[in-house]
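Heads up, the thing below is written out as structure tokens.
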Amino acid sequence: QVQLVESGGGLVQAGGSLRLSCAASGLSFSKSVMGWVRQAPGKEREFVSTISWGGRTTSYANSVKGRFTISRDNAKNTVYLQMNSLKPEDTAVYYCAGARRAVVSTLAHEYDYWGQGTQVTVSS
């Protein structure tokens with residue numbers, strides 16, 4: 001059974017930083033594209049970032065480019081999202097996602113596995 005467990009969310013002031021972690025089990029992690037997707041209240045899910053098997057290829061939404069960094073540790077079956085210079089508009093539930101594919105994807109529907117989400121709230 002595949003499990004993706006996010007942690008690291010919380011309340012932070014604008015301009016602050018948070019680091020999200022996602023611990024994966026039950027899947028071939030080193031052969032899974034991993035990503036982060038967020039959903040704000042009343043809005044659709046929004047792609048945030050994705051990373052390839054070995055971490056060499058990454059992609060970011062324009063809204064977070066230059067502020068967020070995705071990384072992974074295949075030895076620990078964990079993917080991270082370092083979020084700096086946070087803005088109130090970054091407030092959302094952040095979901096970790098995994099995909100049985102070889103190429104990174106910016107499309108939420110192309111991911112096969114999902115975590116339960118972690119709340120990130122940025123106050124102004």
Side-chain angles (χ1 to χ4, degrees):
Q1 181 179 358
V2 175
Q3 282 193 314
L4 302 178
V5 180
E6 302 97 334
S7 60
L11 174 64
V12 64
Q13 287 189 331
S17 298
L18 284 174
R19 188 195 196 201
L20 304 184
S21 298
C22 171
S25 61
L27 76 167
S28 182
F29 184 80
S30 63
K31 294 292 176 64
S32 297
V33 165
M34 300 300 296
W36 290 93
V37 175
R38 68 186 181 186
Q39 187 166 23
K43 295 187 177 181
E44 294 186 353
R45 283 190 176 187
E46 176 191 18
F47 161 79
V48 175
S49 185
T50 182
I51 188 167
S52 60
W53 292 0
R56 186 173 297 182
T57 302
T58 58
S59 182
Y60 298 90
N62 287 335
S63 57
V64 307
K65 202 171 292 184
R67 300 187 297 121
F68 291 11
T69 302
I70 191 171
S71 61
R72 65 191 295 164
D73 185 337
N74 287 345
K76 295 183 178 179
N77 283 8
T78 301
V79 61
Y80 305 96
L81 186 68
Q82 177 66 44
M83 305 186 296
N84 298 330
S85 302
L86 283 161
K87 304 175 181 179
E89 50 264 44
D90 294 319
T91 295
V93 177
Y94 283 70
Y95 297 91
C96 174
R100 298 186 306 266
R101 53 187 292 119
V103 179
V104 296
S105 172
T106 62
L107 301 174
H109 72 265
E110 293 189 336
Y111 286 82
D112 305 293
Y113 310 112
W114 292 86
Q116 82 288 350
T118 186
Q119 177 70 47
V120 171
T121 303
V122 184
S123 63
S124 56

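Numbers for residues simply follow the sequence, beginning at 1.
In plain terms, the two heavy atoms of Q116 and Y95 that are nearest each other are O-CE2, 3.5 Å. Between F29 and V79, the shortest heavy-atom contact is CZ-N, 4.0 Å. In terms of heavy atoms, I51 sits closest to V104 at C-CG1, 3.6 Å. For L4 against A24, the heavy-atom pair with the smallest separation is CD2-CB, 3.4 Å. Summarising the geometry of T78 relative to S21, their closest heavy-atom pair is CG2-CB, 4.4 Å, with the distance given to 0.1 Å. The two residues A92 and A40 make their nearest non-hydrogen contact at CB-N, 3.8 Å.
We find the NZ-CZ distance between K43 and R38 to be 8.5 Å, quoted to the nearest 0.5 Å. From S63, atom OG reaches atom CD of E46 across 4.5 Å, with rounding to the nearest 0.5 Å. To the nearest 0.5 angstrom, T50 atom OG1 is 9.0 Å from M34 atom CE. Once rounded to the nearest 0.5 Å, the distance linking OG of S30 with CG of D73 reads 11.5 Å. Separation of atoms CG (L20) and OH (Y94) is listed at 7.5 Å; rounding is to 0.5 Å. Taking CZ from R72 and SG from C22, the interatomic distance works out to 10.0 Å, rounded to the nearest 0.5 Å.
By the rule that hydrophobic residues join a cluster once side-chain heavy atoms approach within less than 4.5 Å of another member, V37 and V33 end up as members of one cluster. Under the 4.5 Å side-chain heavy-atom criterion for Ile, Leu, Val, Met, Phe, Trp and Tyr, V120 and V64 are members of the same hydrophobic cluster.
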Full working for side-chain contact (heavy atoms from CB on, under 4.5 Å) between S17 and Q82: CA-CA 7 Å; S17 298; Q82 177 66 44; 4.0 Å; yes
Step-by-step side-chain contact (heavy atoms from CB on, under 4.5 Å) determination, F68 to S49: CA-CA 8 Å; F68 291 11; S49 185; 5.9 Å; no
Would L27 and Y113 count as a side-chain contact (heavy atoms from CB on, under 4.5 Å) here? Give the steps. CA-CA 9 Å; L27 76 167; Y113 310 112; 4.0 Å; yes
Could you go through R101 and E110, starting from their C-alpha distance and side-chain angles, then the distance that decides it, and tell me whether this counts as side-chain contact (heavy atoms from CB on, under 4.5 Å)? CA-CA 9 Å; R101 53 187 292 119; E110 293 189 336; 3.3 Å; yes
Carefully, step by step, assess D90 and R67 under the rule salt bridge (Lys or Arg N to Asp or Glu O under 4.0 Å). CA-CA 11 Å; D90 294 319; R67 300 187 297 121; 2.7 Å; yes
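Side-chain contact check for C96 versus W36: some heavy-atom pair is nearer than 4.5 Å. S105 is listed as a side-chain neighbour of Y111, based on a closest heavy-atom distance under 4.5 Å. No side-chain heavy atom of E6 sits under 4.5 Å from any side-chain heavy atom of W114. Residues L86 and V12 meet the side-chain proximity criterion, which asks for heavy atoms closer than 4.5 Å. Considering only heavy atoms from C-beta on, E89 stays 4.5 Å or farther from T91 through its side chain.
A donor-acceptor pair under 3.5 Å is formed between the side chain of D112 and the backbone N or O of R100. Between the T121 side chain and the L11 main chain, no donor and acceptor come within less than 3.5 Å of each other.
Side-chain contact, T69 with Y60: no donor N or O sits under 3.5 Å from an acceptor N or O.
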